[in-house]
Structures are given as C-alpha cells and as structure tokens.
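Read the structure below first, then the notes.
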Amino acid sequence: MAKGEKTNLMERIVSLCKRRGFIFQSSEIYGGIGGFWDYGPLGVELKRNIKDAWWYDMITSHDDTTAPPGAPRPYAMVGLDTAIIMHPQVWKCSGHYDLFHDMMVDCRTCKARFRADHLETEQCPLKPSKRPGEHDKCDLTEPREFNLMFKTYVGALFDPSSEAYLRPETAQGIFVNFKNVLDTTRVKLPFGVGQIGKSFRNEITPRYFTFRSREFEQMEIEFFCHPNESRAWYEYWRNRRLQWYVSLGLRSDRLRLREHGPEELSHYSCGTADIEYAFPFLPEGDFGELEGVAHRGDFDLRSHMEGKLIRVGDHFELDRLPDGRPKYPGSGKDLTYFDDETRERFVPHVIEPSAGADRATLAFICEAYTEDEVPDEKGVPQKRVVMKFHPRLAPIKVAVFPLVKKDRMPEIARDLYRALKKRWVCFYDEKGAIGRRYRRQDEVGTPFCVTIDGQTLQDQTVTIRDRDTCQQVRVRIDDVEAEIARRLEAR
RNA sequence: GCGGGCGUAGCUCAAUGGUAGAGCACCGGCCUUCCAAGCCGGGAAUGCGGGUUCGAUUCCCGUCGCCCGCUCCA
C-alpha cells in the first residue's frame, strides 16, 4: 500500500489473515518468495475444512445408485491421489511441454518477446518490414529458456535424460490411471474420479494475494462418459459445482458462470465455463476464476493412447513430424471403454470440473469478512470485525469461557471444553473481559461461544452465544453438545 | 519480464544524518457476573546486502517482497 493511502477492504482482509494466523507469506523471515504462501494455524483448519467438504460432497457421500437432481443418470465417484512428478512423456503428450517450454528472445528496446524459432517469420514492432533484430535499434537478448513448468531432475545426476517436471495440473494423474481404475474398481461409465493435490506453475506475475500462486492446490474431477451424453453432463457439472459454492455461503450475486468464447478455449477444450467470484481486489464489476468446468472431449485419453494431438477444425489429429512419425508418441495402451450391454467400444469423453482450493479459501475468507456494529456495555455501537464463515468451514466450531475466573467456573468450563473437543475443534479462554473474548472469536469466525456463569452453579445451565446475531440462549450443560450439533447441521 | 509506487513493533501509523515514538493488539498482576472497561507492569520494529559518512532507519546502488499499470494466465 502506498504510504498515507486509505486502507481498502482487501488490505484489511490481508491484514486480518496475517494477524490471526490464516495466511503468511512463505519464507517471510528471509524476505519472502513471490508466489508462495503458507497457511497458519487457523488457515490450515479452514482450508482443510474446504477440501474435506469438497471430498465429502463430491465423492464420499455420493450415492452411486441414484441420479442427483439435474443429472442425466446415476453415476459412480471414486478418488485418487497421484504423484506430483510423472513420466516426462506425460507432459509431451498432454501438450503442456510444447505450449510452455519455449526458447524466447526479448527485445530490450521495444520490450517485445519472440519465440526463438519464429524470428524468421516475425515482424519487428518498430519497423514491420523488418524481422526482429534487423532494425538498427533492435537489441535482442540471447535465446532464453522460458518455462512455465517447474523443472527438476530425477536421480542425483543432472543430465538432460533425467529432467522431469512438477505437475502443472493434477488432471494427468487421473488420465494415466484411467485403465487402473477401470480394472480395479468395477466402475462402469459414467463415472468420475476426484483428486485433491498440489500443482505448480511458474507464473509470470503472481498477484492478488494467494489468487495467482506458483504453488497451489487443486480439487479436480475427471468425469468419463459416453460421447453422446457429454453435453448433458457438461451442463450438469457446471450447475452442480456452482451450487456447491452457494451451499457453503458464497452469495450468488457475487458468483457467476461464464461460458468461454471460441477464441478463449484451451488447446484441449471443446467448451469451458468458468465459475467466477467478484473478489474485492478486482475492479468493481470484474470477476476472478474459482473453477473451470471444461468439456475436454476425447482429447486426453486419445493423447495418452496415440500421442500428442493438435486441433484440426473441429476435431483432433496426431501431431506428426515432417517424416510422418508422431511428434510425441503416446503409451500405445488401449484406453478405450467397452460397454458390455451395448457391445459398443469407444473413447470416453471427459468433463473436468477443476477447482482451486486456495482460490476457494480466499473467496470464502473474502465473503466471510464483515464489519458491523454491536452495542457495548453502555449501549454505544462499537465497530466489530466478524468472519461469517459457514459453520462447516469455520476453523473453530465452539469456544468455551468461564464468565469470570473464580467460583469453580473455570473448572466447569474446562470439563465442558474437554467433552466438546472430542467432537469439534474447540477453544478455551479465561483471560480478560468476556466481551473481549467474544470479539476475538468473532474475528476468527467461531460460530458459537458457550459461557459458564453464576447461574450455572445454581441450575446447571449455560449460555450459547451466536456469532452472527450475538443472541444468547440458555440450555442445560448436558444438552450443549446436542444443541451445538443441531445448530452446526441446521445451516 | 517491463514501468511506476511502497517497505519502521503482531496490526495501523509517526519521527530523525546522532537515544526510533504512539494507538490498537499481545503477555503478567489487580479488579471484573455477559459483548474490545479500568489501573499497574512487561516484551516487541527500521526487509536483506553493499556504498558514502566519525556516525545511515534516513542519502546512493543492488536485491528481495508487496501494491498499481502493461505482459502472461494451459
């Protein structure tokens, strides 16, 4: 922030993330490293709750026997957890290697960047009749490797034959295991495979807090279906995934589903819709991508059978060298699907809902951040910062306080704390004034605070205070667990 | 990768070529029976490296990071 500038909303959110231990800059004591972030004690709980909600809602709790609302038919869901480093041929066949691994030449004068192997056909921006480097003002760099994938070496010897890449997406781990899943689980089409895991992209410009990070976590589904049904499944997943964010508290007027135009489609896609959120760091009216739902056709499975494909009109063909051989040969393994009932063999189509776990976390943080006013003991309205997380996502579910530090209240409160802790992330605090303790929990989004007071000693009742309304109800101490459970599940 | 702006305590800010302050937050104590009360005490900072200087947080250079605009975004 420029000195003296009024702090804006996003700066207050970033500040809270640091102050309360949600998100820290990576390697901060060494000056930080751009594009990498660490989750603190509360952040890790929040992000884990988001990933757990996704895994539970998409995979664990999925009912294979019944079509969910809007789904063309019942389907199966299974999970995978595949390696970050894969055989280098995976990235050659997937198309990532060619697209993101180029020798580039920059012009120091006009700041233009050219592919080193295209200098013969490019124009100098200053004098279009000449090629880059031919104009007397041109000042070209040596060709430099420009790689958006992180490269590493497998084994102790650093020679080209041991080069490997950190995955730039989790999807390929699912595609290369397609046959393994089919052979080991008895799933039939249509079915989906989910995976949560880290991916790495050497972004040119990491920006907007954690929004564009170089290391990030994805929550991806690769959904395999019959080509004739792929359009219907694409529609289903777009809506299903949008509703997921709404169900966890993102306001629908800050969310939108945006269909990509033809010129915007990725090299593999024959239809993509982004689920976007109006992040507060973006200009008013702009949205940022939370998740992409892509219709990938048969591109991926064919790529790993035949080799790297290129688009020709409305279909894909094998990318060939001038002598006719495949540029990057595929595995040669048969990744087709045989339908026992229809006796039909085909390459399944793929619908890919690919969500960013860190982007979802950031969106839920931004959505939760609220400033309101609560009257103090004199009835004067005081500003309050409250994180209105959905109870499923809140890092701490319940806090337990003795009203004051005497008359056995701390002992009773600790007993209750221990009992509740067996079931939920629970926090105990006996320091300072009660109002201060409520505010501290408000700022980290704890939905419920239970207070042991003088009356508890008389009739075994306690108060449960609601984060959003500040309203208190009195319940028997033996009923606290059931009441909290009821409220956590009610929303 | 380019251009501009900015780096002081956990947060938000001050000040200075010569002892770096405050508010809030935090910790301890007293007090306190429901929404950031009060009193006393405490810990805590000039991103990193180099240069100029008797002396640099201040000036200069580099670097790293953050913000804004380009560029990029499979």
Side-chain angles (χ1 to χ4, degrees), chain A residues 1-8 10-12 14-21 24-36 40 91 94-101 104 106-113 141 144 146 148-149 167-169 171-172 199 201-209 211-212 214 264-269 272 281 283 288-289 292 294 296 354 373-386 401-407 409 431-443 449 451-457 462-463 465 467 470-472 474:
Chain A
M1 179 189 84
K3 232 173 163 174
E5 236 174 73
K6 200 176 166 209
T7 58
N8 67 28
M10 196 57 209
E11 283 155 4
R12 295 198 296 278
V14 172
S15 171
L16 181 138
C17 285
K18 170 76 189 298
R19 188 168 71 247
R20 303 311 304 259
F24 307 126
Q25 192 172 32
S26 169
S27 315
E28 190 186 276
I29 63 170
Y30 286 103
I33 176 166
F36 297 91
W91 308 111
S94 71
H96 290 87
Y97 181 87
D98 277 358
L99 268 171
F100 302 111
H101 186 270
M104 304 297 286
D106 289 314
C107 177
R108 298 186 186 93
T109 307
C110 64
K111 311 299 183 195
R113 173 170 293 155
T141 63
R144 294 181 294 186
F146 195 81
L148 292 170
M149 289 195 290
R167 65 181 176 199
E169 62 175 31
Q172 300 303 324
S199 292
R201 298 180 191 179
N202 220 338
E203 297 287 354
I204 311 281
T205 314
R207 193 163 287 193
Y208 297 138
F209 200 28
F211 182 78
R212 187 175 299 152
R214 293 186 163 121
E264 202 183 350
L265 290 179
S266 320
H267 65 285
Y268 54 73
S269 181
T272 297
F281 47 75
E289 181 186 348
R296 300 174 67 125
S354 170
E373 291 190 336
V374 242
D376 64 12
E377 54 186 336
K378 298 183 186 76
V380 182
Q382 297 289 331
K383 187 185 146 192
R384 174 177 82 138
V385 172
V386 50
F401 310 141
L403 184 58
V404 288
K405 229 186 322 182
K406 59 183 186 189
D407 297 340
M409 289 183 211
K431 301 287 172 60
I434 189 75
R436 179 183 299 267
R437 283 177 268 162
Y438 285 146
R439 296 297 179 84
R440 272 198 284 248
Q441 294 307 309
D442 289 342
E443 212 181 40
C449 294
T451 300
I452 280 65
D453 59 13
Q455 196 177 328
T456 309
L457 307 169
V462 299
T463 60
R465 179 248 195 203
R467 173 194 70 199
C470 297
Q471 298 297 307
Q472 289 176 289
R474 186 164 281 279

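Residue numbers start from 1 in every chain, and the chains themselves are labelled A, B, ... in the order their sequence lines are given, proteins ahead of strands.
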Between [M] and [N] - [atom1] atom distance, rounded Å:
{"N": "B:rU58", "M": "B:rC6", "atom1": "C1'", "result": "16 Å"}
{"N": "B:rG62", "M": "B:rG43", "atom1": "P", "result": "40 Å"}
{"N": "B:rC60", "M": "B:rG1", "atom1": "P", "result": "25 Å"}
{"N": "B:rG47", "M": "B:rA15", "atom1": "P", "result": "16 Å"}
{"N": "B:rA45", "M": "B:rU33", "atom1": "P", "result": "37 Å"}
{"N": "B:rU19", "M": "B:rG23", "atom1": "C1'", "result": "22 Å"}
{"N": "B:rC48", "M": "B:rG42", "atom1": "P", "result": "27 Å"}
{"N": "B:rA20", "M": "B:rG55", "atom1": "C1'", "result": "16 Å"}

If the condition is side chain to side chain donor-acceptor pair (under 3.5 Å), which residues does [X] pass it with, not counting sequence neighbours?
{"X": "A:Arg212", "value": "none"}
{"X": "A:Arg440", "value": "A:Asp429"}
{"X": "A:Glu443", "value": "A:Arg19, A:Arg20"}
{"X": "A:Gln25", "value": "none"}

Which of these nucleotides, [options], is closest to any side-chain atom of [X]?
{"X": "A:Gln472", "options": "B:rC35, B:rC68, B:rU32", "result": "B:rC35"}
{"X": "A:Asp453", "options": "B:rC34, B:rA37, B:rC35", "result": "B:rC34"}
{"X": "A:Ser15", "options": "B:rG28, B:rC70, B:rU12", "result": "B:rU12"}
{"X": "A:Arg207", "options": "B:rC72, B:rC68, B:rA74", "result": "B:rC68"}
{"X": "A:Asp407", "options": "B:rU33, B:rC34, B:rC72", "result": "B:rU33"}
{"X": "A:His96", "options": "B:rA74, B:rC34, B:rC73", "result": "B:rA74"}
{"X": "A:Glu203", "options": "B:rC35, B:rA37, B:rA74", "result": "B:rA74"}
{"X": "A:Met409", "options": "B:rG28, B:rC72, B:rU33", "result": "B:rU33"}
{"X": "A:Gln25", "options": "B:rC68, B:rG65, B:rC73", "result": "B:rG65"}
{"X": "A:Val404", "options": "B:rC35, B:rU32, B:rC68", "result": "B:rU32"}

Atom [atom1] of [X] and atom [atom2] of [N]: how far apart are they, to the nearest Å?
{"X": "A:Ile434", "N": "B:rC35", "atom1": "CD1", "atom2": "P", "answer": "9 Å"}
{"X": "A:Asp98", "N": "B:rA74", "atom1": "CG", "atom2": "C1'", "answer": "12 Å"}
{"X": "A:Lys405", "N": "B:rC27", "atom1": "NZ", "atom2": "P", "answer": "11 Å"}
{"X": "A:Asn202", "N": "B:rA74", "atom1": "CG", "atom2": "P", "answer": "15 Å"}
{"X": "A:Arg214", "N": "B:rC73", "atom1": "CZ", "atom2": "P", "answer": "15 Å"}
{"X": "A:Arg439", "N": "B:rC34", "atom1": "CZ", "atom2": "P", "answer": "15 Å"}

Sugar-phosphate only, base, or nothing, as touched by [X] at under 4.0 Å among non-hydrogen atoms:
{"X": "A:Ile29", "value": "nothing"}
{"X": "A:Tyr208", "value": "sugar-phosphate"}
{"X": "A:Arg465", "value": "base"}
{"X": "A:Asp442", "value": "nothing"}
{"X": "A:Lys431", "value": "sugar-phosphate"}
{"X": "A:Arg437", "value": "nothing"}
{"X": "A:Gly34", "value": "sugar-phosphate"}
{"X": "A:Phe209", "value": "sugar-phosphate"}

Intra- and interstrand pairs of RNA chain B - dot-bracket, Watson-Crick/G-U under 3.5 Å, | marks other strand: (((((((..((((....[..)))).(((((.......)))))....(((((..]....))))))))))))....
Could you tell me whether the side chain of A:Trp91 reaches within less than 4.5 Å of the side chain of A:Arg167, counting heavy atoms only? yes
Considering only heavy atoms from C-beta outward, does the side chain of A:Arg201 approach that of A:Leu148 to under 4.5 Å?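 In short, these two side chains do not touch, never coming nearer than 4.5 Å.
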Under-3.5 Å donor-acceptor pair between A:Tyr438 side chain and B:rC34 base: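 Indeed there is one.
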All salt bridge (charged side-chain N to carboxylate O under 4.0 Å, His left out) counterparts of A:Lys405, not counting sequence neighbours: none
Those residues at least two apart in sequence (or on a different chain) that pass salt bridge (charged side-chain N to carboxylate O under 4.0 Å, His left out) with A:Arg436 are none
Taking the six-membered ring for Trp, are A:Phe211 and A:Phe281 closer than 6.0 Å centroid to centroid?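 Yes, they do, as the ring centres are separated by less than 6.0 Å.
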Heteroatom pairs (N/O) under 3.5 angstrom, protein to nucleotides 22-26 of chain B:
residue: B:rA25; atom: OP1; partner: A:Arg436; partner atom: NH1; Å: 3.1
residue: B:rC26; atom: OP1; partner: A:Arg440; partner atom: NH1; Å: 2.3
residue: B:rC26; atom: OP2; partner: A:Arg436; partner atom: NH1; Å: 3.0

Please list, chain by chain and in numerical order, all residues satisfying side chain to side chain contact (heavy atoms under 4.5 Å, CB included) with A:Ser27, sequence neighbours excluded. A:Ile33
Where is the tightest heavy-atom contact between A:Thr451 and A:Val462, given as atom of each residue plus distance?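 Minimum heavy-atom contact is O-CB, 3.5 Å.
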Testing the basics here: between A:Met149 and A:Tyr97, what is the closest heavy-atom pair and its distance to 0.1 Å? CE-CA, 3.9 Å
A:Thr205 vs A:Cys470, nearer the 5' end of RNA chain B by closest nucleotide: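 Checking each residue's closest nucleotide, the 5'-ward one belongs to A:Thr205.
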Side-chain N,O (A:Gln455) to OP1/OP2 (B:rU33) below 4.0 Å: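 So the side chain of A:Gln455 is outside the cut-off, no N or O lying under 4.0 Å from OP1 or OP2 of B:rU33.
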